[in-house]
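In what follows, chains are A, B, ... by sequence order, proteins preceding strands, each numbered from 1. None of these values were measured; they are calculated from a predicted model.
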There are 2 protein chains.
Amino acid sequence: MEYDAYIQTCPTRMVLDRLADKWAVLVLGRLDDKPVRFNQLKREIDGISQKVLSQVLKKLERDGLVSRAIFATVPVTVEYAITPLGRTLSATVDALRRWAEDNIETVLAAQQKYDRAAV
Amino acid sequence: MEYDAYIQTCPTRMVLDRLADKWAVLVLGRLDDKPVRFNQLKREIDGISQKVLSQVLKKLERDGLVSRAIFATVPVTVEYAITPLGRTLSATVDALRRWAEDNIETVLAAQQKYDRAAV
DNA sequence: CCGTATCCTCCGGGATACTG
DNA sequence: CAGTATCCCGGAGGATACGG
């Protein structure tokens with residue numbers, strides 16, 4: 001099966017592709033505590049551009065992982081929040097986070113050994 | 001903190017960046033059963049190019065997730081196998097796989113709702 | 001069989017400027 | 001404040017050819 005076909009029939013790949021996104025996990029993590037406004041998010045996630053933040057939020061909203069609330073203040077206020085579904089994903093990502101933290105030393109050691117051998 | 005600096009100090013991001021790789025998870029999954037040779041792997045993972053497969057295997061080997069064994073047959077045989085460390089990561093990825101399978105319907109429904117509203 | 005080397009294309013994403 | 005529009009560049013990755 002070709003990759004394009006595969007990705008559309010494989011839930012895991014869909015989720016991984018979302019998490020793979022350079023910024024999506026950071027956004028989700030940032031929303032975990034409390035709802036945040038667009039520019040606040042942009043300030044807090046250093047280095048992200050307006051365009052990319054906008055794209056990431058749209059994808060997350062489309063997947064039902066993040067919600068978007070508009071308040072008719074002047075000027076307008078938009079708040080992004082994690083959804084219950086997003087929260088369950090966030091919890092699952094924590095398992096991966098734990099693996100990473102538990103094994104980072106081993107991985108780094110393997111890398112150094114590999115690099116030394118390559119010289 | 002800039003992203004480049006962030007990624008080097010964040011184990012989670014390192015791991016996610018590895019999993020994010022278009023093919024790494026597929027390779028790891030393919031090795032989960034038994035060791036496989038290079039061209040065999042290339043045939044089984046449809047659509048991957050020699051160059052990319054080679055790159056992915058090198059990264060996984062560097063991280064200590066995959067091992068490489070050379071047999072002095074004629075012509076030479078090279079077998080790639082998952083390491084114990086790789087196997088623990090693979091197990092953790094399963095948690096994500098389960099989340100994906102359990103929630104794919106919800107996500108797809110959210111996407112369709114989003115798309116209908118956007119018309 | 002197991003790769004590396006080279007070329008080339010495509011597009012993700014940054015910078016910048018502008019709008020409701 | 002909350003985005004969209006446009007331009008542009010670097011790097012990922014496919015195709016192809018060649019080397020050990």
Side-chain angles (χ1 to χ4, degrees), chain A residues 1-7 13 16-27 30-31 34-62 66-81 114 117-118, chain B residues 1-7 13-14 16-27 30-31 35-62 66-81 114 117-118:
Chain A
M1 177 163 38
E2 291 296 327
Y3 184 78
D4 279 351
Y6 177 76
I7 194 174
R13 194 95 283 290
L16 277 175
D17 272 6
R18 179 67 67 251
L19 297 180
D21 189 295
K22 207 177 170 183
W23 304 104
V25 172
L26 287 179
V27 171
R30 205 64 211 72
L31 294 179
K34 58 174 191 330
V36 185
R37 284 173 297 124
F38 186 88
N39 278 338
Q40 182 68 19
L41 220 39
K42 181 174 178 334
R43 271 190 301 274
E44 293 189 0
I45 302 177
D46 204 16
I48 196 168
S49 69
Q50 272 192 334
K51 185 174 113 178
V52 172
L53 178 56
S54 175
Q55 287 170 344
V56 168
L57 285 170
K58 264 185 191 162
K59 286 181 188 173
L60 291 174
E61 193 197 351
R62 180 167 185 268
V66 158
S67 64
R68 184 173 180 273
I70 308 173
F71 301 96
T73 52
V74 179
V76 64
T77 300
V78 178
E79 252 184 22
Y80 291 89
Y114 182 93
Chain B
M1 178 162 35
E2 290 297 326
Y3 184 78
D4 280 351
Y6 176 75
I7 196 175
R13 193 94 284 289
M14 279 191 59
L16 278 175
D17 273 5
R18 179 68 65 251
L19 297 181
D21 190 293
K22 209 177 171 183
W23 305 103
V25 173
L26 289 179
V27 171
R30 200 63 209 73
L31 295 180
V36 186
R37 282 174 299 123
F38 186 88
N39 279 339
Q40 181 68 19
L41 220 39
K42 181 174 179 332
R43 273 190 300 273
E44 294 189 0
I45 302 178
D46 204 17
I48 197 168
S49 67
Q50 271 192 337
K51 183 175 113 179
V52 172
L53 177 56
S54 173
Q55 287 171 345
V56 167
L57 286 171
K58 264 186 191 162
K59 285 181 189 175
L60 291 174
E61 191 196 352
R62 179 167 185 269
V66 158
S67 65
R68 183 172 182 273
I70 307 172
F71 300 96
T73 52
V74 179
V76 64
T77 300
V78 178
E79 252 184 23
Y80 291 91
Y114 182 92

Engineer: Base, sugar-phosphate, or nothing: which does A:Y80 touch, judged by heavy atoms less than 4.0 Å apart?
Structural biologist: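 A:Y80: backbone/sugar contact only, no base atoms under 4.0 Å.
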
Engineer: Sequence neighbours left out, what passes side-chain hydrogen bond (donor to acceptor under 3.5 Å, both in side chains) with B:T77? Give chain and number order.
Structural biologist: B:T73

Engineer: According to side-chain hydrogen bond (donor to acceptor under 3.5 Å, both in side chains), who are the partners of A:E44, at least two apart in sequence or on a separate chain?
Structural biologist: A:R30, A:Q40

Engineer: Only counting residues at least two apart or in another chain, list the ones meeting salt bridge (charged side-chain N to carboxylate O under 4.0 Å, His left out) with B:K59.
Structural biologist: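 In terms of salt bridge (charged side-chain N to carboxylate O under 4.0 Å, His left out), with neighbours along the sequence ignored, B:K59 is linked to B:D21.
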
Engineer: Whole angstroms only, please: what is the NZ-P distance between B:K42 and C:dC2?
Structural biologist: 12 Å

Engineer: On DNA chain C, does the nearest nucleotide to B:V76 precede the nearest nucleotide to A:S49 from the 5' side, or the other way round? Give the residue.
Structural biologist: B:V76

Engineer: To the nearest angstrom, how far is B:F71 atom CZ from C:dC2 atom C1'?
Structural biologist: 14 Å

Engineer: I need the CH2-P distance between A:W23 and C:dG12, as an integer number of Å.
Structural biologist: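 Roughly 16 Å, once rounded to whole Å.
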
Engineer: Figure out the CD1/C1' separation between A:I48 and D:dA2, and round it to whole Å.
Structural biologist: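 Whole-Å distance recorded here is 14 Å.
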
Engineer: If we fit an axis to the first five pairs and another to the last five of the helix from C:dC1-D:dG20 to C:dG20-D:dC1, what angle do they make, to the nearest 10°?
Structural biologist: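 It comes to 40° between the two terminal axes.
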
Engineer: Rounding to an integer number of Å, can you tell me how far A:N39 CG sits from D:dG3 C1'?
Structural biologist: 9 Å

Engineer: Can you give me the closest heavy-atom contact between A:I48 and A:K42, atom names plus distance?
Structural biologist: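 Minimum heavy-atom contact is O-NZ, 3.6 Å.
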
Engineer: According to a strict under-4.0 Å criterion, is B:R43 in side-chain N/O contact with OP1 or OP2 of C:dC2?
Structural biologist: no

Engineer: Among residues at least two apart in sequence or on other chains, which ones pass side chain to side chain contact (heavy atoms under 4.5 Å, CB included) with B:A69?
Structural biologist: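 B:A69 satisfies side chain to side chain contact (heavy atoms under 4.5 Å, CB included) with B:F71 only.
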
Engineer: Looking at CZ of B:R13 and CG of B:L16, how far apart are the two atoms once the value is rounded to the nearest 0.5 Å?
Structural biologist: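 Between atom CZ of B:R13 and atom CG of B:L16 there are 5.0 Å.
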
Engineer: Find the distance B:E79:CD to C:dG3:C1' and express it as a whole number of Å.
Structural biologist: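 Going from CD in B:E79 over to C1' in C:dG3 covers 17 Å.
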
Engineer: Give the rounded distance in Å between these two atoms: CZ of A:R37 and P of D:dC1.
Structural biologist: 7 Å

Engineer: With side chain to side chain contact (heavy atoms under 4.5 Å, CB included) as the test, pick out the partner of B:L31 among B:L41, B:L26, B:L60.
Structural biologist: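 Answer to the side chain to side chain contact (heavy atoms under 4.5 Å, CB included) test with B:L31 among B:L41, B:L26, B:L60: B:L41.
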
Engineer: Of all of residues 50-58 of chain B, which get a heavy atom below 4.0 angstrom from DNA chain D, listed by number?
Structural biologist: B:Q50, B:K51, B:V52

Engineer: The criterion is side-chain hydrogen bond (donor to acceptor under 3.5 Å, both in side chains); which residues satisfy it with A:S49, sequence neighbours excluded?
Structural biologist: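 Result, side-chain hydrogen bond (donor to acceptor under 3.5 Å, both in side chains) vs A:S49: none returned.
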
Engineer: Nearest whole Å is fine: how far is D:dG11 C1' from B:D17 CG?
Structural biologist: 15 Å

Engineer: Quick one, A:Q55 and A:W23 - any side-chain contact, counting heavy atoms below 4.5 Å?
Structural biologist: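 Of all side-chain heavy-atom pairs linking A:W23 with A:Q55, none is under 4.5 Å.
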
Engineer: What nucleotide, of D:dC1, D:dG14, C:dC1, holds the atom closest to the side chain of A:P75?
Structural biologist: D:dC1

Engineer: B:V78 has a side chain; which of D:dG3, C:dG14, C:dG3 sits nearest to it?
Structural biologist: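 Nearest nucleotide to the side chain: C:dG3.
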
